[in-house]
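So you know, we letter chains A, B, ... as the sequences are listed, proteins then strands, and number each from 1.
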Amino acid sequence: MTTATGQPGPGPGPGSGSGPGSGTATRDAARVTDAVKVYGSGDTAVRALDGVSVGFPAGRFTAIMGPSGSGKSTLMHCAAGLDTLTSGSARIGGAELGALDDRRLTLLRRDRVGFVFQAFNLVPTLTVAENITLPMDLAKKRGDRASAEWTDALIDVVGLRDRLHHRPAELSGGQQQRVAVARAFAGRPDVVFADEPTGNLDSRSGEDVLRLLGRAVRQMDRTVVMVTHDPVAAAHADEVVFLADGRLVDTMTDPTADKVLDRLKEFDTTSAAVPGGKGAPS
Amino acid sequence: MSPPGTSRSSLGTSARLSLSSLRGHKRRFAGTFLAVMLGVAFLAGTLVMGDTLRGSFDTMFGNATRGTDAVVRSADTITTPDDSQGTRQPVKTSLAQKIERTDGVAAAAPAIQGAGQLLGKDGEPIGGEGPPTLAGNWIDDGELNAYRLAEGRAPARSGEVVVNRGAAEAGDLEIGDTTTLRTPGPVEVTIVGLATFGGEDGMAQTTFTGMTLADAEKYLTPKPGEAASIQVRAGPGMSEQELVDALSPVLPGGVEAITGEASAAENTDNISGQFLTLFTGFLLVFSGVALLVATFSIHNTFAIVVAQRTRENALLRALGASRRQVTAATLIEAGVVAMVASVAGLAGGIGIAAGLQRLFPVIGFPFPEGDLVISALSMLLPLAVGIVVCLGSAVLPALRAGRTAPLAALRETALDQSGASRSRAVTGALLALAAVGLSLTGVLVSPSVWLAGAGAVLALAAFVVLGPVASSRAVRVLGAPLDRLRGVTGGLARRNALRSPKRTAATAGALMIGVAVVSLFTVFGASLKATMDQTVNRSFAGDLAISTPGFGAGGSGLSPELAPALAGRPEVATAVGLGKGAAEVEGEGRALTVTDPAPFAESFDLGKVEGSLNGLGTDGIAITREEADKQDLEVGSRARLAFADGQKATFTVRAVYGRSELAGDYVITREAWAPHRMQDADSLVSVTLKDGVSAEDGKAAVTRTAREYGNPDVQTRDAYARSAAGGIDMMLTLVYALLALAVLIALLGIANTLTLAIHERTRELGLLRAVGQTRAQLRAMVRWESVLVAAFGTAGGLVLGGFLGWVLVKASDGATSSAFAFAVPPVQLAVVVLVGLAAGALAGLRPARRAARLDVLRAIATE
């Protein structure tokens, strides 16, 4: 269950996973508290995140939505340890990301976070199999039987057994994203962040990828946080959090494409009414 | 874009594009800029330094001989293949008096010239390893003497000498000191004065000892009353040419007069013609290598830049830019880089020349001082070469840029994988076959260095063409251990190096050429050493050798008294000295070995001997089989010899022997040579010990005796073989120092290519960092890629250099009379490999650091 407060201020205490619509106490796989991210300085300063507190519960599929420039990608980057916050805190599991240096942050990403980007997810010189095990190989974690079995199972789930020794260039876009999904889950990370994973795909391939992400959460008890601007994609999630102008404005449980679309339309009118609302592409 | 039909403004557009591109991507061209600049600087520096040295020598000789208006000397010289200066017959000293009585002559003085090696305070010879050590009579007429007395006084009594100040300083000698002068027999001399030459402390590093005329006649000439030349000064108002014209009628036959100016020019030529031409020629070869290496780097940079700019060029084409405009834009870019870099290189070259001029005296080469001589040629030539090299390297990439299809703007930028095409493999293989065929013909069938050289050039071309074909395979093999050693980091490095075979090959090509030249010299040097070793082992049958320094004209030879003195010692079985002479044999100038033939035949392995060397007498001669065939002589036939003193004699061939090597091609007896000899000296004494005398005891005994004859170095057989090869190490050191430049340029090329590749792979690097590659792993990945490329270049260079070395050695073996041995020095080559790999690691450092500094987010956001 997503825990969220829409306004800067005292957020829920640490460990409190309770939020609207839920009575079950769940553990957050990742969370940010009072997250502020400012790009630039002085007159040109842009507050991409303006006091966001949100938790991403373990075992759930959360979608982050919002119009262009709402700060959704920034939120994901900061929550995943790809970027640092100007103020506030970001945690993955028990680790406070702000306290880690670049090396330990890298190791944390490698061991506890998975990524699926919009495009260019694979290293072109490595085969499919090598791409999937890349984070583990970088960690020199080989030979563990459990992880080998897990990887093996993943390969079947994403349906790429016959492509293991191909190069990314020999795969279609959808296949490439499925390899990326397998790679993301291969190390059994605490959380997988997906940044517009279907943005470059046709709707069928996109559907495949989204279903894979959903299956991973529901059947394999994984955690996924996905940034998207597509209501259809968001409908695959258990929960949707809405961002606008760097603030958390709403959450929605059990979303459908229509409900999400309606909610988004609401924003459009709201943000059009608010002077200074950002419409610039991210 | 531009108004139609106006080519001026269309080129203007191209130029604007070029300049804005240059401004935008300064970093990309930093490597190119440096490569061109270094090459041009080296070339310009060499030319300026050559001119400057030549100018300085001119000035020095001009100053030194200003007072000499004419030189009278014998007209004929005998030149042998090894000595281009030739041997000139002496003139009579008494001629000086006759000349002095001639109208218009103010003064005339005989000049005796010979070899005299001074020993320093520590008993070691001064400057014995290279430059000539001269001795002569001290001419009292200050105008006629090339040396000026700087301190002390002229020699007045026997045993008194003036030495040039440089020699005195080198030997830590002062006025009043007594030392030994080897002429080659030791003469005890007391220094009474110090002299300068043309304002300098000496004529370069040449040492000079001036003695009284009587001493000079006694020690430096075979007969009294003879001198090398007579220096003449004209009276007031008489020009040099008028003096020569006045002298000519009074001179006896076979004696000529030349102007002082001509004599000075000859002296300068002797130095610049031999030493300077060799020196600058050597440097020019290396600037050529450096520029060739630079060509590779530059070509590669432009090729990559054009590949990276495919989209931009395609957009320009789509918007209506013509092929010509796109090509021109790239060429103008290259032109601007070439101009700026070449001009910077010229400045650098002048700096190098000025620096070397300062440096030389510090490291003990007192080159004469003088202003830098900067001729138009030494500026325009490097400038032109720099621009041509740079533009030439950019032509192909520029044409490729022009061929960019407008549609390419819409496609993903495809990596150039075209390296290993079939036609390339076939062309390369054909070239390689032709190269091997030509080389083998030059080596085995009809030995010719030129044919083999052509094969070598073809081999280089074959390597360049085959590079991309070989690179994938080679990198796969060379990189195989990396996967195991460095895990995924190593694997990624290997695959990155495999990405664009053409690019990898071109990058490695620069290093390959550098390493090839280094290996070539290393192999050739080792082979020369092995040859010397083999020669000594095969031909030298003695136990001990006493020799003069093997390199250059230094030293004064060995006293001819030494060998007989040694032969008288109880430990010694035979001792035989070898002297050098020269004569024209049937019209051809030839070097003679002057010795005692009987012990000589015992101490040297002459191979198969027909006839006998025992009874040569005063009219017999022994020659090698090879010369006998060449001159159509056999045992019993007669040969006419003409000596430098003008005398001719008929000799009978009494023996023909098989192996020349240390023995030389013609042997005559001391008795036969005595009437014609110049300063008497042996160049090698071979000592065979009696049975039962150990080498140490024998050496000690021989050394004791030798001490009385100027203390020359006594060496065992092995040490002699080693010292005979000593000069080669010196040469190799110099070669390595010069090739460091080529390796540096190659290193710049690798670094540049890597930087560009990293720029291309920004997103991939970002991805790797995002999924958990640490900065250290990323750095290692880039460094290993660099090492792999370098390893490929090094391996290629080693193979190419080894092959060329083999061809050179074998071709020399076949084409000359000396037998060459081929040797591969494993230790030196291992060092070359290590240096190549280290260069790769070094080249990767900066790109690796830059890559690791990459911001993960910006990297994955890059479009």
Side-chain angles (χ1 to χ4, degrees), chain A residues 37 39 48 73-74 76-78 80-84 101-127 130-142 167-169 173 180 183-184 186-187 189 192-193 195-196 200 281-282, chain B residues 411-415 417 472 475-476 479 482-501 504 757 760-782 784-785 788 852-863:
Chain A
K37 179 70 182 176
Y39 290 114
S73 282
T74 306
M76 191 211 97
H77 291 153
C78 291
L82 288 172
D83 204 351
T84 51
D101 60 10
D102 178 79
R103 204 183 95 81
R104 278 188 288 177
L105 207 53
T106 305
L107 298 185
L108 176 120
R109 283 200 306 267
R110 189 172 79 191
D111 299 333
R112 296 169 67 176
V113 183
F115 287 99
V116 182
F117 298 107
Q118 179 174 357
F120 209 85
N121 264 303
L122 306 179
V123 178
T125 51
L126 299 179
T127 64
E130 287 165 334
N131 263 295
I132 291 175
T133 55
L134 179 60
M136 287 181 288
D137 291 343
L138 284 169
K140 296 180 185 127
K141 275 196 301 200
R142 259 263 172 86
R167 299 279 154 126
R183 200 254 333 272
V192 167
F193 289 96
D195 191 359
E196 304 272 13
N200 269 18
S282 55
Chain B
R411 288 198 292 263
E412 269 290 300
T413 329
L415 258 182
Q417 298 270 356
S472 358
V475 168
R476 213 164 282 146
L482 265 190
D483 287 37
R484 239 165 298 140
L485 273 173
R486 309 289 313 185
V488 71
T489 305
L492 282 167
R494 187 166 63 92
R495 283 168 223 220
N496 282 339
L498 278 168
R499 271 179 128 140
S500 170
T504 301
E760 258 173 19
R761 294 180 204 149
T762 303
R763 302 190 73 182
E764 186 182 326
L765 296 177
L767 173 71
L768 282 166
R769 292 278 289 123
V771 302
Q773 188 175 44
T774 61
R775 286 209 159 112
Q777 283 176 317
L778 175 60
R779 277 197 298 266
M781 181 179 83
V782 176
W784 278 113
E785 180 181 351
L788 263 181
R853 273 207 303 267
L854 217 77
D855 178 15
V856 181
L857 269 185
R858 269 186 49 198
I860 53 180
T862 304
E863 272 307 319

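- No part of A:Leu108 comes within reach of chain B, as not one of its non-hydrogen atoms sits under 4.5 angstrom from that chain.
- Looking at B:Glu764 and B:Arg495, no side-chain N of the basic residue comes within less than 4.0 Å of a carboxylate O on the acidic one, giving no salt bridge.
- No donor-acceptor contact under 3.5 angstrom links the side chains of A:Gln118 and A:Asp195, judged on distance only.
- Side chain of A:Thr127 to main chain of A:Glu130: a donor-acceptor pair is present (N/O by atom type, distance under 3.5 Å, no hydrogens or angles).
- The part of B:Gln777 that comes within reach of chain A is its side chain, from C-beta onward, which places non-hydrogen atoms under 4.5 angstrom from that chain.
- Taking A:Asp83, A:Leu105, A:Thr106 one by one and counting their heavy-atom pairs under 4.5 Å with chain B, the maximum is reached by A:Thr106.
- Side-chain atoms of B:Thr504 come within 3.5 Å of backbone atoms of B:Ala497 as a donor-acceptor pair (strictly under, hydrogens ignored).
- Residue B:Arg769 touches chain A through both its backbone and its side chain, counting heavy-atom pairs closer than 4.5 Å.
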